[in-house]
Amino acid sequence: MGFNKITAAEAAALIQNGDTIGLSGFTPAGVPKSVPAEIARKAEKEHAEGKEFKVNILTGASTGQSCDGMLANAHAIKFRAPYTTNKDFRTHVNNNEISYSDLNLSNMATQIRQGYLGQVDWAIIEACEVEQTGGKARIYLTAAGGISPTVCRLARKGIIIEVNAFHSKKCMGIHDVYEIEDHPYRTPIMIMKASDRIGKPYVEVDADRIKGIIECNIPDEARAFKGEDPVTSQIGHNVAAFLMQDMKRGIIPQSFLPLQSGVGTTANAILAALSHDKSVPDFNIFTEVLQDAVVEMMLEGRVKDASACSLTVTNESLARVYDNIDYFRQHLTLRPSEISNSPELIRRLGVIAINTALECDIYGNANSTHISGTKMMNGIGGSGDFERNAYISIFTCPSVAKDGLISSIVPMVSHHDHSEHDVNVIVTEQGVADLRGKSPMERAHCIIENCAHPDYRPLLRDYLKLGCGGHTRHCLTAAFAMHDTLARKGDMRLTDFAEYVK
């Protein structure tokens with residue numbers, strides 16, 4: 001390569017206080033790791049000398065400890081969008097030390113282009129290879145698409161690239177890089193099935209905008225999720241049985257429809273249940289993240305084609321992808337997040353969306369981000385993109401948390417991410433509440449009787465009796481009584497609605 005080779009520390013020295021940095025990656029997959037860690041060290045040094053140093057971070061989704069975690073602990077982040085899962089970052093956000101904007105992931109690149117988030121100064125990108133052809137450079141991304149094409153194009157000070165030897169150059173060709181046009185010149189995204197490709201296998205930029213290449217060999221900071229337990233396993237079986245019933249009724253075509261599932265143990269359990277149910281035909285995946293379970297299902301032939309933004313897998317599973325790259329290059333496509341999460345495509349393809357909520361209320365509203373309405377757990381991610389536009393929108397959660405101290409089914413959600421208008425089905429280990437075609441009161445009875453834990457059903461029935469008349473029955477003085485009781489007594493089961501309606 002004819003590019004300027006520099007160290008991560010030299011790259012960090014280019015970053016100035018107040019700069020806005022756009023990063024590659026989506027989840028810890030594909031995120032640059034050596035330069036953000038050096039920026040955190042620079043911040044600590046600057047602060048020790050009494051100097052101000054904070055940057056703004058724009059990403060595709062969450063990152064890993066060497067980025068979000070180290071930068072947050074170094075008090076180096078002024079503003080951050082759109083999504084995170086890092087524990088250390090979460091602590092600083094909930095202490096109001098970082099200005100954090102939680103955004104729907106499909107809209108991140110568009111909001112950057114529209115200027116809502118300010119100018120992008122630097123793009124820091126992880127690549128498996130960079131090629132120069134004349135005055136152009138081709139950047140071959142690693143395990144995720146994210147917002148890379150947009151921040152590379154808009155970075156006014158330049159592009160810094162980490163060529164990470166941990167990622168095999170075999171993954172060249174697995175990406176389909178396509179950037180949506182700005183308004184009013186936006187055209188349809190011509191993807192009709194999960195396997196369609198309409199872009200290039202690389203991000204193309206002017207070669208002189210690349211200010212440095214850092215060579216490294218750093219594994220992805222992959223997360224291994226807990227294995228199935230009886231609760232998540234039952235949720236998985238409940239979802240699979242529900243989908244099969246809909247297929248038998250003719251609501252889902254006999255050829256089935258593409259699936260999207262969120263991240264975590266429950267998502268893996270659902271996919272495993274579908275894989276083991278031989279009445280489920282082989283199907284396609286159109287999602288934002290692929291987990292280990294999907295890699296296995298692809299190798300087994302249960303998943304025919306998969307479209308995603310990132311390979312959010314363990315490093316062992318990623319090695320399996322690279323070892324079978326000829327197969328995966330034919331059947332797996334990684335896209336930028338504005339394509340993988342595009343409402344236009346989700347609705348056109350008829351995606352069945354399955355995501356996790358922290359809590360749902362008796363009318364079908366869902367909270368997927370804030371514990372007790374105040375403390376950020378994780379951002380909304382792509383759940384809004386998928387659920388609002390899905391053929392069938394499904395939310396799952398265990399019926400209780402903290403050994404029964406908390407009910408996941410409540411009178412009113414303490415934070416509102418997904419309205420009842422976007423939620424078709426709620427599933428817990430207790431059962432399935434199909435909310436389609438039901439009035440608010442019908443939904444309430446359905447959710448209480450099918451999804452709430454037996455310990456909480458009497459409480460929730462009592463709440464319904466308190467509600468004032470109207471289309472949606474609520475008692476505003478008691479709507480958060482269960483949350484309030486948890487805060488005061490540590491156990492929602494001790495709720496006495498009479499205290500709130502005297």
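We use all heavy atoms of the structure for the numbers below, so side chains are in, but hydrogens, waters and symmetry mates are not.
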R320 and S317: side chain donor to acceptor below 3.5 Å: no
Donor-acceptor under 3.5 Å (R329 side chain, M172 main chain): yes
No-hydrogen, no-angle side-chain donor-acceptor test under 3.5 Å, Q260 and N355: yes
Heavy-atom donor-acceptor pair, E221 side chain to Q65 backbone, under 3.5 Å: yes
Between D417 and T369, a side-chain donor and acceptor under 3.5 Å: yes
Heavy-atom check, side chain of F166 versus side chain of N315, under 4.5 Å: yes
Backbone N/O of N86 and side chain of D68: donor-acceptor pair under 3.5 Å: no
Full working for salt bridge (charged side-chain N to carboxylate O under 4.0 Å, His left out) between K304 and D282: CA-CA 7 Å; K304 297 180 291 184; D282 297 341; over 6 Å; no
Short N-O contact, E296 and R302, less than 4.0 angstrom: no
Donor + acceptor pair across side chains of N378, T85 (<3.5 Å): no
Single hit among I394, V239, T356, T232 for side chain to side chain contact (heavy atoms under 4.5 Å, CB included) with I270: V239
Check: T7 side chain, E10 main-chain N or O, donor-acceptor pair, under 3.5 Å: yes
Audit row: H418, F395, ring pair (Phe, Tyr, Trp, His ring centres under 6.0 Å) steps and yes/no: CA-CA 10 Å; H418 312 277; F395 273 102; 4.6 Å; yes
S24 side chain to S148 backbone, donor-acceptor under 3.5 Å: no
Side-chain donor-acceptor pair present, Y202, E129, cut-off under 3.5 Å: no
Closest non-hydrogen atom pair, G146 against C309: N-SG, 3.1 Å
E215/K5 salt bridge by N-O under 4.0 Å criterion: yes
Residues E38, K42: salt bridge by 4.0 Å N-O rule: no
Any side-chain donor near an acceptor of the partner, H167 and D220, under 3.5 Å: yes
Over all atoms of both residues, closest heavy-atom pair of V177 and P201: CG2-C, 4.4 Å
Distance (rounded to the nearest 0.5 Å) between K200 NZ and I139 CD1: 12.0 Å
Flag if over 12 foreign heavy atoms under 6.0 Å of NZ, K157: yes
F328/Y322 under ring pair (Phe, Tyr, Trp, His ring centres under 6.0 Å): CA gap, chis, key distance, verdict: CA-CA 8 Å; F328 280 99; Y322 291 157; 9.5 Å; no
Within 6.0 Å of OH in Y327, more than 12 heavy atoms from elsewhere: yes
D277 side chain vs A240 backbone, donor-acceptor pair below 3.5 Å: no
E429 versus S399, side-chain donor and acceptor atoms under 3.5 Å: yes
Approximate separation, where rounding is to 0.5 Å, of D229 CG and I235 CD1: 8.0 Å
Between H415 and N367: side-chain donor-acceptor atoms closer than 3.5 Å: no
Any donor-acceptor N/O pair, N284 side chain to A194 backbone, under 3.5 Å: no
V321 vs V313, side chain to side chain contact (heavy atoms under 4.5 Å, CB included): CA-CA, chis, key distance, verdict: CA-CA 10 Å; V321 173; V313 297; 5.6 Å; no
Closest non-hydrogen atom pair, T110 against R186: OG1-NH2, 3.3 Å
Least distance between heavy atoms, L290 atom then A308 atom: CG-CB, 3.7 Å
Neighbour count >12 (heavy atoms, 6.0 Å) for atom CE, M192: yes
Side chain to side chain contact (heavy atoms under 4.5 Å, CB included) between H421 and R388, worked out: CA-CA 8 Å; H421 309 292; R388 188 164 295 117; over 6 Å; no
Short side-chain donor-acceptor distance under 3.5 Å, S106 and D385: yes
Any donor-acceptor pair under 3.5 Å from H175 side chain to T142 backbone: yes
Note: K193-D305 ion pair, threshold 4.0 Å (strictly below): no
Step-by-step side-chain hydrogen bond (donor to acceptor under 3.5 Å, both in side chains) determination, E131 to Y140: CA-CA 8 Å; E131 296 176 341; Y140 290 88; 3.2 Å; yes
Of N56, T59, V55, the residue whose pairing with R80 passes side chain to side chain contact (heavy atoms under 4.5 Å, CB included): T59
Expected output: side-chain S368 to main-chain A357 donor-acceptor under 3.5 Å: no
Exercise: identify the closest heavy-atom pair between Y391 and G350: CB-O, 3.4 Å
Residues N424, D434; criterion side chain to side chain contact (heavy atoms under 4.5 Å, CB included); working and verdict: CA-CA 6 Å; N424 296 142; D434 185 350; 5.6 Å; no
Q119 side, atom CD; I112 side, atom CD1 - distance, nearest 0.5 Å: 13.0 Å
Residues D176 and R335 bridged, charged N to O under 4.0 Å: yes
Donor-acceptor side-chain pairing of R197 and T333 below 3.5 angstrom: yes
R436 and S393 side chains, donor-acceptor separation under 3.5 Å: no
Distance-only side-chain donor-acceptor flag, S337 / E288, under 3.5 Å: no
T27 and T312 side chains, donor-acceptor separation under 3.5 Å: yes
Pair D206 + R209: basic N to acidic O under 4.0 Å: no
No-hydrogen, no-angle side-chain donor-acceptor test under 3.5 Å, N238 and Q234: yes
Distance-only donor-acceptor check, side chains S34 and E162, under 3.5 Å: yes
From CA spacing to verdict: side chain to side chain contact (heavy atoms under 4.5 Å, CB included), M244, S279: CA-CA 8 Å; M244 283 302 91; S279 63; 3.4 Å; yes
Ring geometry between Y100 and F89 (parallel below 30°, tilted from 30 to 60°, perpendicular above 60°): perpendicular
I339 side chain near L345 side chain, heavy-atom distance below 4.5 Å: yes
Donor-acceptor contact present, side-chain R41 to main-chain A74, <3.5 Å: no
Test applied, side chain to side chain contact (heavy atoms under 4.5 Å, CB included); reference residue, I125; option that passes from V130, V35, I159, I160: I159
